[in-house]
Amino acid sequence: MPFDTLWPGGPRFVKSGDGFRLSTDSVLLAHFAAGVRAGTIFDLGCGAGVLTVLLQLSHPAASVGGIELQAPAAALARRNLAENGMDAGGILCGDLRRHRALLPAGAYDLVVSNPPYFAAGSGFSAPDPARAAARDERDCTLDDVCAAAGYLCRWGGAFALVHRPERLAEAFLALQRHGLEPKRLRFVQHRADAAPSLALIEARRGGKPGLTVCAPLLLTAADGGDSEEVKEIYHMR
């Protein structure tokens, strides 16, 4: 069975031709959420489990689970956790919109999501069905994800997600609508002089107003190579 790896000696992931592939966005989100203290973690729309595996690595003592609508992706997530010596029993194949029927309220210290970025009818779609379901809101909306996160987070718990900067206002409104106060924001930029391509957001269940805007995460250095932080994230030093 062929595998992909993010860095030499790091976690390995089963190669698949079904539209599931390693995502830089998930790697950056895992890095962003790594400092959140958590004994219970849940991944909304976990896909093939890349983010789930990385969070288990950064929180080795935590209980980590996830939910994924597509059965092939959920099976792959279980396989990827097992291939890295992790407990795969927490991966559920189901619809996160049915969170009240499927999952326990207030049970998690940290909830994460790399949700679909593009609103229905925005004109964007991928030709591969599995890829399209992960990228545009055909099965769940940003509000659906925030509703599930607000339900799952304990009081004071954190919800971390990655999204597109152009939907930041919508994301903040959805978070607040479901009892999650945005507390930390970090933009991802390809270069120091480029507009942000991603927004990393941490919100707190029942948190007080007050947002910290972090220095941007730069993907490339002035010489065009990988930035020092990217080298650190991908263990290239």
Peer 1: Taking the side chain as every heavy atom from C-beta outward, state whether L29 and L200 have any pair of such atoms under 4.5 Å apart.
Peer 2: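 They are in side-chain contact.
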Peer 1: Can you tell me how far apart NE2 (H163) and OG (S113) are? Round to the nearest 0.5 Å.
Peer 2: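 Here the interatomic distance stands at 8.0 Å.
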Peer 1: Got F3 and V14 here, is their nearest side-chain heavy-atom distance under 4.5 Å?
Peer 2: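 Yes - at least one pair of side-chain heavy atoms lies under 4.5 Å apart.
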Peer 1: Quick check for you: to the nearest 0.5 Å, what is the distance between L6 atom CG and L54 atom CG?
Peer 2: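 Reported to 0.5 Å precision, the distance equals 6.0 Å.
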Peer 1: Which residue pairs pass the ring pair (Phe, Tyr, Trp, His ring centres under 6.0 Å) test when at least one of the two sits in residues 193-215, sequence neighbours left out?
Peer 2: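 Checked against ring pair (Phe, Tyr, Trp, His ring centres under 6.0 Å) - neighbours excluded - no pair reaches residues 193-215.
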Peer 1: Keeping to residues at least two apart or across chains, list the ring pair (Phe, Tyr, Trp, His ring centres under 6.0 Å) pairs with something in residues 71-97.
Peer 2: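 Applying ring pair (Phe, Tyr, Trp, His ring centres under 6.0 Å) to every pair that reaches into residues 71-97, excluding sequence neighbours, yields nothing.
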Peer 1: Tell me if a side-chain donor or acceptor on K183 pairs with a main-chain N or O of T212 at a distance below 3.5 Å.
Peer 2: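 Not at all, since once roles are kept as given, no pair shorter than 3.5 Å links the two residues.
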Peer 1: Check the hydrophobic clustering (I, L, V, M, F, W, Y; side-chain heavy atoms under 4.5 Å; chains of links allowed) and say if L198 and L218 are grouped together.
Peer 2: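 No, no single cluster joins them.
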Peer 1: Please name the pair of heavy atoms, one in A74 and one in I91, separated by the smallest distance, quoted to 0.1 Å.
Peer 2: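 Taking every non-hydrogen atom into account, O-CG2, 3.8 Å.
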Peer 1: Identify, with sequence neighbours excluded, every residue that meets salt bridge (charged side-chain N to carboxylate O under 4.0 Å, His left out) alongside R97.
Peer 2: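 Residues passing salt bridge (charged side-chain N to carboxylate O under 4.0 Å, His left out) with R97: D95.
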Peer 1: Using a side-chain heavy atom cutoff under 4.5 Å and only I, L, V, M, F, W and Y, what cluster partners does L185 have?
Peer 2: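 F42, L44, I67, L92, L96, L102, L103, Y108, V111, L142, V145, Y151, L152, F159, L161, L168, F172, L175, L180, F187, I201, L211, V213, listed by chain and number.
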Peer 1: Indicate yes or no for a side-chain donor-acceptor contact from Q56 to the backbone of H59 under 3.5 Å, with no hydrogens or angles considered.
Peer 2: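 Pair found, side chain donor or acceptor close to backbone of H59.
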Peer 1: In chain order, what residues pass the side chain to side chain donor-acceptor pair (under 3.5 Å) check against E232, with sequence neighbours excluded?
Peer 2: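 Applying side chain to side chain donor-acceptor pair (under 3.5 Å) to E232 gives none.
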Peer 1: Report the residues that fulfil side chain to side chain donor-acceptor pair (under 3.5 Å) with E202, sequence neighbours left out, ordered by chain and then residue number.
Peer 2: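 Side chain to side chain donor-acceptor pair (under 3.5 Å) list for E202, sorted by chain: R184, R204.
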Peer 1: Considering only Ile, Leu, Val, Met, Phe, Trp and Tyr, and joining two whenever side-chain heavy atoms are under 4.5 Å apart, list the other residues clustered with L173.
Peer 2: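 The other cluster members (ILVMFWY side chains, heavy atoms under 4.5 Å, direct or chained): none.
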Peer 1: Please name all residues satisfying side chain to side chain donor-acceptor pair (under 3.5 Å) with S227, sequence neighbours left out, ordered by chain then number.
Peer 2: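 Residues passing side chain to side chain donor-acceptor pair (under 3.5 Å) with S227: none at all.
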Peer 1: Is the closest side-chain heavy-atom distance between E83 and V53 below 4.5 Å?
Peer 2: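 SC-SC contact between E83 and V53 ruled out.
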Peer 1: Could you tell me which non-hydrogen atom of A62 sits nearest to which non-hydrogen atom of A38, and how far apart they are?
Peer 2: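 Smallest heavy-atom distance, with atoms named: CB-O, 3.6 Å.
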Peer 1: List for me each residue that meets salt bridge (charged side-chain N to carboxylate O under 4.0 Å, His left out) alongside E228, sequence neighbours excluded, and say none if there are none.
Peer 2: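 For E228, the residues satisfying salt bridge (charged side-chain N to carboxylate O under 4.0 Å, His left out) (neighbours in sequence not counted) are K231, R237.
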Peer 1: Can you give me the closest heavy-atom contact between A77 and G47, atom names plus distance?
Peer 2: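 For A77 versus G47, the nearest heavy atoms are CB-O, 3.5 Å.
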Peer 1: In the structure I gave you, are the side-chain heavy atoms of P11 and L57 within less than 4.5 Å of one another anywhere?
Peer 2: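 A side-chain contact exists here, since the closest heavy-atom pair is under 4.5 Å.
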Peer 1: Answer whether the closest heavy-atom distance between the side chains of K208 and E181 falls below 4.5 Å.
Peer 2: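 K208 does not reach E181 side chain to side chain.
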Peer 1: Could you tell me which residues satisfy salt bridge (charged side-chain N to carboxylate O under 4.0 Å, His left out) with R177, sequence neighbours excluded, listed by chain and number?
Peer 2: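 Per chain and number, R177 pairs via salt bridge (charged side-chain N to carboxylate O under 4.0 Å, His left out) with D143.
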Peer 1: With sequence neighbours left out, what residues match D223 under salt bridge (charged side-chain N to carboxylate O under 4.0 Å, His left out)?
Peer 2: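 Listed in chain order: nothing, the list is empty.
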Peer 1: Under the 3.5 angstrom rule, does the side chain of T141 hit a backbone N or O of D144 as a donor-acceptor pair?
Peer 2: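 Yes, T141 side chain to D144 backbone: donor-acceptor pair under 3.5 Å.
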Peer 1: Please check this pair: side chain of H190 against backbone of P196, looking for a donor-acceptor N/O pair closer than 3.5 Å.
Peer 2: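 Not confirmed, H190 side chain does not pair with P196 backbone.
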Peer 1: Is any side-chain heavy atom of L28 closer than 4.5 Å to a side-chain heavy atom of V162?
Peer 2: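 Side chain of L28 against side chain of V162, heavy atoms only: no contact under 4.5 Å found.
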Peer 1: Within the distance-only criterion (no hydrogens, no angle test), does the side chain of Q189 pair as donor or acceptor with the backbone N or O of A194 below 3.5 angstrom?
Peer 2: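 Flag set: sc Q189 to bb A194 pair under 3.5 Å.
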Peer 1: Taking C-beta and beyond as the side chain, do R186 and P216 meet within less than 4.5 Å on heavy atoms?
Peer 2: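 No. Closest side-chain heavy atoms not under 4.5 Å.
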Peer 1: Does a side-chain heavy-atom distance below 4.5 Å link D4 with R12?
Peer 2: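 D4 vs R12: side chains apart.
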Peer 1: Testing L51, I233, N114 one by one against V27 for a side chain to side chain contact (heavy atoms under 4.5 Å, CB included), which residue passes?
Peer 2: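 That would be I233; it is the only one of L51, I233, N114 passing the side chain to side chain contact (heavy atoms under 4.5 Å, CB included) with V27.
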Peer 1: What distance do T40 atom OG1 and D109 atom CG have between them, rounded to the nearest 0.5 Å?
Peer 2: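 Answer rounded to 0.5 Å: 3.5 Å.
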Peer 1: Scan for ring pair (Phe, Tyr, Trp, His ring centres under 6.0 Å) pairs involving residues 207-237, sequence neighbours excluded, and state none if there are none.
Peer 2: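 Listed once each, the pairs are W7-H235.
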